[in-house]
Structure formats: structure tokens, C-alpha cells
Amino acid sequence: MSDLARQQGRRRALALGIVIAAYVLSFFQRFAPAGIAPDLITAFNTTASSLGVLAATYFYVYTVMQVPTGILVDTLGPRLILLLGGLVGGVGSLLFGMAPNFDLALLGRTLIGLGVSVTFIAMLKIIALSFDERRFASLVGLSMLIGNLGSVLAGAPLSWLAQITGWRSIFVGLAAVSLLLGTACWYLLREPADGSQSPSAPAGKPRFDRTVVFSGLLSVLGNRDTWPVAAVNFGISGSFFAFAGLWATPFLTEVHHLERAVAARHVSLYFAGFALGCVFVGTLSDRLGRRKPVLVASSHLYALIWLVWLSGSTLPVSLSFALFALMGLLTASFTLTWACAKEVNPPLLSGMSTSVTNMGGFLAAAILQPLVGWVMDWSWQGGLTAAGARLYTPADFHTGLLLLAGTASFGALASWRIRETNCRNIWQAPA
């Protein structure tokens, strides 16, 4: 290998590594409410539906920003939007950590979602442009394995640290981390001039052609092979974000009467299983040279596990740990949807195609997190804590879990409609 090739390889790795570091923070912010849900209920004296809205605000903004982010990544490149994302996310984290009331906490959570919403699509764009397409799913899986450190930290470690230092100081510190990562992206990344080079190529002036942008977006939206992929992401990813991102910890403490620390370890194990699953599923798919069989099998097994939680059975802690780990492993099947979307659309529109697909899961989470809380409040017949917060019964949680199980089943069924790509781009321009 020549010195030039080695240098280019290091630049590509550096570009990817910077974005992955920002992605770790993005994952942490996404799932942090699950680790500090009891603290948030006490701090703002919220009901289940209000807590759902607070957590889902992140997903509202993230959902809305997916297509604009794909457009910006395809036209302006990741460097500028990662800088702006770091700045906005840092301000949001600071405001959330210092919020004296629920309204300001909502605003802070909104800014956090806005800031980190650009990270993932930028990472996919870098992988799509800089590496062999046959390694796309494997590299995405590896990146998500590292990124999931943020979700693991948002479980038991965050819950433990919040009880020692208080949750507010943690988010004030994260504000500084966000600013540093955004600045690092600005100084260390380099933009291609036309979208055809590596993100580590020499700086150039990108062009934004409105006609090309909208025609490209219409091409992705008009492609009938895009929608089954988005539907799978909606069902599997959406139920995962809603459950692991908020309701898993209260479910385990209120229904299965586990201590908060034990419940938080369940969530951390779920995230750890998901992280490993991202690598396993992506690598397995790339080695088999197939997408659809892996997606169909794993998504159906994931949907079946929800029947265990709906049954209301009391499980030994060791078995519930194992089921949470298995759910995490199987949930990772939805990560193949980004590869499928990229492979059925024009290569130059990889940002738009993956962002449209990614929007499905975040839309589902934005709907489900508050909807589950609303359903629980609607059926609530429990008591109150000493601080005046509501206590929910197993029957209340069962109604909410029905929504999540139904969404997961929808995603599994949609996997049958996905077009097999054999791990290559199969898009063809219309004659």
C-alpha cells in the first residue's frame, strides 16, 4: 500500500471517528429520560402523559429534521451542519439541565433533538462515500456498536450518577461536550466540492441547486421500494425507542416490582444487546449477500417476545435479563433498512434515501411515547406517591404495551415487502 493510500485511509477513519463520537452523545441524549424518569417526575411533578411528551419532544424534532438533514448532507456536506448541531445541542442540554419548570425543560429537550438530529445521517453519508458499498452494513453496524455506548451509559450508569451528583449537573456537563465535538468536526473534517469525494478530501465550496434537490427528493419518495423499508423502520425502531427510551424502567419497577438499579441494568443490557446485534446483523447480511431473510427472521422473533410481556407473567430476574438482551439483539434488524434504502435509490441520494427511511422510526417514537402515557393516564386507577406523583397498575401498563407490540408486529409484517438487493445498489434510471 502506498503512502498516499495509507494517508487517505487515515483521513477516512478520522472523519468517521469524529462523527461516531458525536453519535455516542446523540444516543445518550436520546435515551437519557429512561435512566432519570423518576427524577424528572419528581422535579417537574408530571403525569405519565406529560413525561411522555417531554421525552418525545426529542423525537418530534428529530423526525421533522430527517429529510432536511438528508438534503443538507447531500448538498452542503456534514462539516457545517455538525458544527451547528453541536452548538444547538449544547445550548439545549444547558437549558434542560438548568430548567426551573416543565416548559423550559421542553424547550431544552427540543433544542437537544434539533442539535443531534444531523449526526446519524452525516455518519451514513461518510460511510456511503468513503467505503466499499459491500461493507456498508458492516461499517454501519460497527459504528452503531460504538455509538451505543451512549445508550448503555444512559441506563444504569446515568441512574447511578444522577443519584450521586443530581441529574441537572450531568446535562450541564454534556453541554460542554456537545460544543467541543461540534468544534472538532469543524476543524478536522473536510468537505468534498461535489459530493463525489471522501469527506476528508480538500475543502471546496459546495453548491445547493434547489431544482436538483427537490427532484432528487421526489425520486426517493416516488420510489415504491422506499416505503416498505420505511415501514419496517417505523415498526421495529419505533417500538424500541418508545420502550427502551422511556417506558421500560417504569414498567419493570411498577409491574415487576424490581428495584430501580435492577431495572436500569435491564435497560443497559437491552442497549448492549442492540449494540452487539448491530455488528452481528450487519456482518451476517453482508457475508450472506442478502438483506431480506435476515430482516424477516429477526423482526418476527422480536415481535413474538412482546407476547411474553403482554402475558403479565412474573419471570425470574435471570430470565428477564436474558429476554431484554435478546430483544436488543433482534431489534438491531432494523439497521439493515438503511442499507436497503440506499441500495434501491440513486447512489448520490444516499443521504435523502436513508433520512426518509430513518424518519419512520423517529415518527413512531414521537407518536408512541406520549400515546402510551396518554393511554395509561386514561385507564389510571392507582394511587399517588408521597410527592403527589401517580402510581400505575399492571393493567395500565398492559394497555400501553399493546400499542408497542402492535407496532412491532406491523414492522415485522412489512419486512415481507422489502425488495432484495443482494447487498448491491440495484437502482436503475427510468428509460
The ring-ring contact (aromatic ring centres under 6.0 Å, His included) partners of F334 (sequence neighbours excluded) come to F274, W338
Verdict with supporting geometry, M65 and L114, side chain to side chain contact (heavy atoms under 4.5 Å, CB included): CA-CA 7 Å; M65 283 299 297; L114 180 61; 3.7 Å; yes
Exercise. Do L107 and D103 come close enough that some side-chain heavy atom pair is under 4.5 Å?
Worked result: no
By salt bridge (Lys or Arg N to Asp or Glu O under 4.0 Å), R419 pairs with (sequence neighbours left out) D225
*Side-chain contact test, heavy atoms from C-beta onward, threshold under 4.5 Å: evaluate it for S178 versus L25 and give yes or no.*
yes
Do T69 and S355 have side chains that approach each other closer than 4.5 Å (heavy atoms only, starting at C-beta)? no
Going by heavy atoms in the side chains, are L330 and S299 under 4.5 Å from each other?
no
One should read off an interatomic distance between D396 CG and E254 CD, to the nearest 0.5 angstrom, of 10.0 Å
The reported gap from CG in L82 to CG in L181 (rounded to nearest 0.5 angstrom) is 10.0 Å
Neighbour count >12 (heavy atoms, 6.0 Å) for atom CZ, F321: yes
Is the F234 to W227 ring centre distance short of 6.0 Å? no
Worksheet item: Going through the distances and angles, do F251 and W309 end up as a side chain to side chain contact (heavy atoms under 4.5 Å, CB included)?
Response: CA-CA 10 Å; F251 168 71; W309 306 123; 4.0 Å; yes
### Y270 and T331 side chains, donor-acceptor separation under 3.5 Å
yes
Are any non-hydrogen side-chain atoms of L161 and I170 less than 4.5 angstrom apart?
yes
Worksheet item: Taking the side chain from K292 and the backbone from W416, do they hold a donor-acceptor pair closer than 3.5 Å?
Response: yes
Point to revise | Side-chain heavy atoms of V308 within contact of L315, under 4.5 Å | key: yes
### Query
Strictly by modelled atom types, are T249 and R260 linked by a side-chain donor-acceptor pair under 3.5 Å?
no
Residues at least two apart in sequence or cross-chain that pass side chain to side chain donor-acceptor pair (under 3.5 Å) with W160, listed by chain then number, are none
In this structure, CG of L145 is separated from OG1 of T335 (nearest 0.5 Å) by 11.5 Å
Taken to the nearest 0.5 Å, the spacing of S239 OG from L404 CG works out to 6.5 Å
* To do: Report yes if the side chains of F280 and L276 come closer than 4.5 Å at any heavy-atom pair, otherwise no.
  => no
- Within a strict 4.5 Å, meaning less than it, do heavy atoms of the I20 and M123 side chains meet? yes
Practice item. Output yes when a side-chain donor or acceptor of S285 lies under 3.5 Å from a complementary backbone atom of V281, and no otherwise. Key: no
Between L363 and T63, the two heavy atoms sitting closest are N-OG1, 3.0 Å
message: With a 3.5 Å distance limit and no angle check, can you tell me whether N223 reaches the backbone of V344 through a side-chain donor-acceptor pair?
response: yes
Margin query: Looking only at the side chains, is there a donor atom on one of N345 and S219 sitting less than 3.5 Å from an acceptor on the other?
Written below: no
- [ ] State, without any angle test, whether T314 and H256 hold a side-chain donor-acceptor pair at a distance under 3.5 Å.
- [x] no
Taking the side chain from H300 and the backbone from V296, do they hold a donor-acceptor pair closer than 3.5 Å?
yes
Does T421 offer a backbone N or O that forms a donor-acceptor pair with the side chain of R291 under 3.5 Å?
-> no
Per side chain to side chain contact (heavy atoms under 4.5 Å, CB included), F96 is matched among T110, L104, L54, L106 by L54
- prompt: Is a side-chain N or O of S298 found less than 3.5 angstrom from the main chain of V294, in a donor-acceptor match?
  reply: yes
Here the gap from L368 atom CG to L246 atom CG, rounded to the nearest 0.5 Å, amounts to 11.0 Å
Practice task
Taking T119 for its side chain and V116 for its backbone only, find out whether a donor-acceptor pair lies under 3.5 Å.
Solution key: yes
Value for OH (Y58) from CD (Q369), rounded to nearest 0.5 Å, stands at 10.5 Å
Here the pair of heavy atoms bringing S353 nearest to V220 is CA-CG1, 3.8 Å
